[in-house]
Structures are given as C-alpha cells and as structure tokens.
Amino acid sequence: MRKLISTGSPFEKAAGYSRAVVQGDWCFVSGTTGYDYATMAMPETVEAQTRNCLATIAKALQDGGFEMADVVRAHYYITDAAFVDIVFPILGEAFGGIRPAATMIVCQLNKPEMKIEIEVTALKR
C-alpha cells in the first residue's frame, strides 16, 4: 500500500512531489531544506537550517508510521565545504546512535538562501 505524506509546502504542489512516500515497510523522504514549512521562513544559519531539515524529516517519518531510528540511508547536500564541520555535530546528535549509510555532497541548491538539503530512506524495523 502506498501512502503520500505532505508538509503543505507550496513546492510540493508546484513541482508535483510528496515530502515522503511510504511503500510497504519503506519510507522515502524527499530532499528537505531548512524552511519552516508552516511559515515558509528560512533561517540564515546553516545550523538552524539543519535543525529545521531534521525536524521536518522526523515529522514526515512519524506521519508515515516510522521513526528516525528506522533511517537506513541519508544524503546530505551542502553549498559550502566550510559547513561540513558545522553540521557534523548536529547530524551526529540525530543519527549518531542510528548510523545510517550516508553521503555528503557540496553543490549548488535551488535557491540562494538554501544552505543544506537532507534526503533519507527508512526501513521499518
């Protein structure tokens, strides 16, 4: 059974995607940036953006019947290599006990205010 999860973000409707898709025991969470999707406000710091990403991801997982502990794969996209040492401790707080397979890439994101984007895949334990 397939279940679509939405945050209500205008990007989801405009671009035609779901925040997360649950298919059986799997949950695929789309790339999530640091917006507070309730207000569409974007914090200035990469630290605050990272925390917003993780909160949005945790909520999407919860809405799909999953937990952060179910995450088996994470992709991190940052816009500046200098952010690596800044976000590692925050990511460690969220995933240190879970230790999913992970990749971090330095790249350009869709909007200049975006400093980080996180995508995860979860498998129900």
Side-chain angles (χ1 to χ4, degrees):
M1 178 148 174
R2 184 176 178 170
K3 179 178 180 183
L4 305 179
I5 309 294
S6 175
T7 60
S9 162
F11 299 133
E12 294 169 21
K13 183 172 172 75
Y17 71 95
S18 296
R19 174 64 42 212
V21 175
V22 175
Q23 183 72 45
D25 289 339
W26 290 93
C27 183
F28 304 90
V29 181
S30 294
T32 303
T33 60
Y35 285 103
D36 173 340
Y37 288 104
T39 64
M40 288 310 292
M42 176 67 84
E44 289 186 26
T45 69
V46 71
E47 297 94 329
Q49 288 188 27
T50 302
R51 287 187 177 90
N52 278 0
C53 292
L54 293 168
T56 300
I57 289 167
K59 174 81 167 71
L61 287 168
Q62 181 182 26
D63 289 350
F66 291 77
E67 301 175 11
M68 288 290 276
D70 294 323
V71 173
V72 295
R73 184 77 170 122
H75 293 122
Y76 310 113
Y77 306 94
I78 55 174
T79 58
D80 188 326
F83 295 155
V84 171
D85 291 332
I86 297 169
V87 301
F88 267 6
I90 301 167
L91 298 172
E93 289 171 16
F95 295 114
I98 303 163
R99 299 188 58 197
T103 301
M104 182 173 282
I105 298 169
V106 178
C107 62
Q108 186 175 9
L109 295 175
N110 294 350
K111 301 213 178 257
E113 65 268 22
M114 296 174 176
K115 295 181 170 141
I116 186 166
E117 185 166 344
I118 302 173
E119 171 188 4
V120 303
T121 302
L123 176 61
K124 196 166 283 189
R125 293 169 291 142

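Residue numbers start at 1 and run along the sequence shown.
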Enquirer: Count the heavy atoms belonging to other residues, nucleotides or ligands that lie under 6.0 Å from CZ of Arg2, then report whether that count exceeds 12.
Expert: no
Enquirer: Look at the side-chain heavy atoms of Ile, Leu, Val, Met, Phe, Trp and Tyr, link any pair under 4.5 Å apart, and say whether Val106 and Val46 land in one connected group.
Expert: yes
Enquirer: Which atoms form the tightest heavy-atom contact between Ala94 and Met68, and what is the distance?
Expert: CB-CE, 4.3 Å
Enquirer: How long is the straight-line distance from CD of Gln108 back to CE of Met114, given to the nearest 0.5 Å?
Expert: 11.5 Å
Enquirer: Evaluate the criterion side-chain contact (heavy atoms from CB on, under 4.5 Å) for residue pair Arg73 and Thr103; output intermediate values, then yes/no.
Expert: CA-CA 8 Å; Arg73 184 77 170 122; Thr103 301; 3.1 Å; yes
Enquirer: Below 4.5 Å, heavy atoms only, C-beta onward: do Asp70 and Cys27 meet side chain to side chain?
Expert: no
Enquirer: Between Arg19 and Thr32, is the side-chain contact (heavy atoms from CB on, under 4.5 Å) condition met? List the steps.
Expert: CA-CA 8 Å; Arg19 174 64 42 212; Thr32 303; 3.1 Å; yes
Enquirer: Closest approach of Glu12 and Ser6, non-hydrogen atoms and distance?
Expert: OE1-OG, 2.5 Å
Enquirer: Can you tell me how far the CD atom of Gln23 sits from the CE atom of Met1, to the nearest 0.5 Å?
Expert: 10.0 Å
Enquirer: Show the nearest heavy-atom pair for residues Asp85 and Pro89, with the distance to one decimal.
Expert: O-CD, 3.3 Å
Enquirer: Report the distance from atom CD of Glu67 to atom CZ of Arg125, rounding to the nearest 0.5 Å.
Expert: 5.0 Å
Enquirer: Under 4.5 Å between side-chain heavy atoms, counting indirect links through other Ile/Leu/Val/Met/Phe/Trp/Tyr residues: same cluster for Val84 and Leu109 or not?
Expert: no
Enquirer: Ring-plane angle category for Tyr37 and Phe11, please: parallel below 30°, perpendicular beyond 60°, tilted otherwise.
Expert: perpendicular
Enquirer: Could you point out which residue of Val87, Thr45, Ile86 forms a side-chain contact (heavy atoms from CB on, under 4.5 Å) with Thr50?
Expert: Val87
Enquirer: Do you know which two heavy atoms are closest between Met40 and Pro10, and how far apart they sit?
Expert: SD-CD, 3.6 Å
Enquirer: Under 3.5 Å, side chain of Ser30 to main-chain N/O of Ser18, donor-acceptor pair present?
Expert: yes
Enquirer: With rounding to the nearest 0.5 angstrom, report the CD1 to CZ distance, Ile90 to Arg51.
Expert: 4.0 Å
Enquirer: Same cluster for Tyr35 and Ile118 if Ile/Leu/Val/Met/Phe/Trp/Tyr side chains link at under 4.5 Å?
Expert: no
Enquirer: Is there a path from Ile116 to Phe95 through hydrophobic residues (I, L, V, M, F, W, Y) whose side chains come within less than 4.5 Å of each other?
Expert: yes
Enquirer: Would the distance check show the side chain of Lys115 and the main-chain N or O of Gly34 forming a donor-acceptor pair, the cut-off being under 3.5 Å?
Expert: no
Enquirer: State the CG-CD1 distance between Leu61 and Ile5, to the nearest 0.5 angstrom.
Expert: 9.0 Å
Enquirer: Hey, could you give me the CD1/CD distance between Ile78 and Glu117, rounded to the nearest 0.5 Å?
Expert: 12.5 Å
Enquirer: How are the rings of Trp26 and Phe28 set relative to one another: parallel (under 30°), tilted (30 to 60°) or perpendicular (over 60°)?
Expert: parallel
Enquirer: Out of curiosity, does Val29 fall in the hydrophobic cluster containing Tyr77 (side-chain heavy atoms, cut-off under 4.5 Å, transitive links)?
Expert: no
Enquirer: Would you say the side-chain atoms of Lys59 pair up with the backbone N or O of Thr7, donor to acceptor, closer than 3.5 Å?
Expert: no
Enquirer: Evaluate the side-chain contact (heavy atoms from CB on, under 4.5 Å) criterion for residues Met104 and Leu91: first the C-alpha distance (whole Å), next the side-chain angles of each, then the deciding distance (0.1 Å), finally the verdict.
Expert: CA-CA 11 Å; Met104 182 173 282; Leu91 298 172; 3.8 Å; yes
